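Fair warning: this is a prediction, and the values are worked out from it, not measured in the lab. Read the numbers this way: they start at 1 and go in the same order the structure lists the ligands and their atoms. Residue indices begin at 1 and follow the sequence shown.
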Amino acid sequence: MAEPSERRTDGGGMCGAIRYEAVGEPMVVAHCHCDSCRRHTGAPLVTLVSFEASQVRFTEGSRKIYASSPGVGRAFCGDCGTTLTWESEQRGQSLIEFHIGTLDEPDALPPSLQVFHGERLAWFDTADCLPRYREGRHGTDPYRHTPAELAGLG
Ligand SMILES: [Zn+2]
């Protein structure tokens with residue numbers, strides 16, 4: 001069996017009432033362009049760091065969870081309003097995904113792909129060649145833009 005990862009990811013909201021830690025490697029770090037993430041945060045897209053719920057511990061405070069759709073909750077700090085998570089218990093898997101801006105060291109975990117690219121705002125894209133999935137990352141093949149294509153997108 002592989003040695004467990006020593007990585008530790010700490011984070012929390014703006015006011016500090018809610019703090020969390022996650023132990024081990026995240027499953028994926030992804031930009032999400034879906035309409036629900038946009039609505040929850042008010043931002044044109046979000047970047048989420050995905051962990052198994054068993055890797056995560058909330059060390060301070062208790063988050064408020066808004067049930068945004070069946071099996072999906074979106075958490076925030078009830079004091080300062082910081083958007084904290086996307087959470088799901090579906091298909092026997094329990095996931096907690098943190099909005100990357102709540103990490104203490106977001107630079108440590110760069111994204112590797114983009115999901116729900118088909119729902120992105122028409123005026124927004126990122127200048128990278130990461131694989132882009134029209135919807136979620138399961139079930140369909142991603143597509144990529146080359147730098148030259150990206151230059152032509154504007
Ligand atoms: Zn989303």
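- For Thr85 (side chain) and Ala75 (main-chain N/O), a donor-acceptor pair under 3.5 Å exists by modelled atom type.
- Applying the side-chain hydrogen bond (donor to acceptor under 3.5 Å, both in side chains) test to pairs two or more places apart or on separate chains, none has a residue in residues 133-142.
- Using modelled atom types and a 3.5 Å distance limit, the side chains of His117 and Tyr143 yield a donor-acceptor pair.
- A donor-acceptor pair under 3.5 Å links the side-chain atoms of Thr82 to the main chain of Met14, judged by distance alone.
- The distance cut-off of 2.8 Å around the Zn ion (ligand 1) captures these protein N, O or S atoms, sorted by chain and number: Cys32 SG, Cys34 SG, Cys37 SG.
- Contact check on Arg19 versus Asp104 returns a salt bridge, with a Lys/Arg side-chain nitrogen under 4.0 Å from an Asp/Glu carboxylate oxygen.
- In this structure a side-chain-to-backbone donor-acceptor pair under 3.5 Å is present from Gln55 to Glu25.
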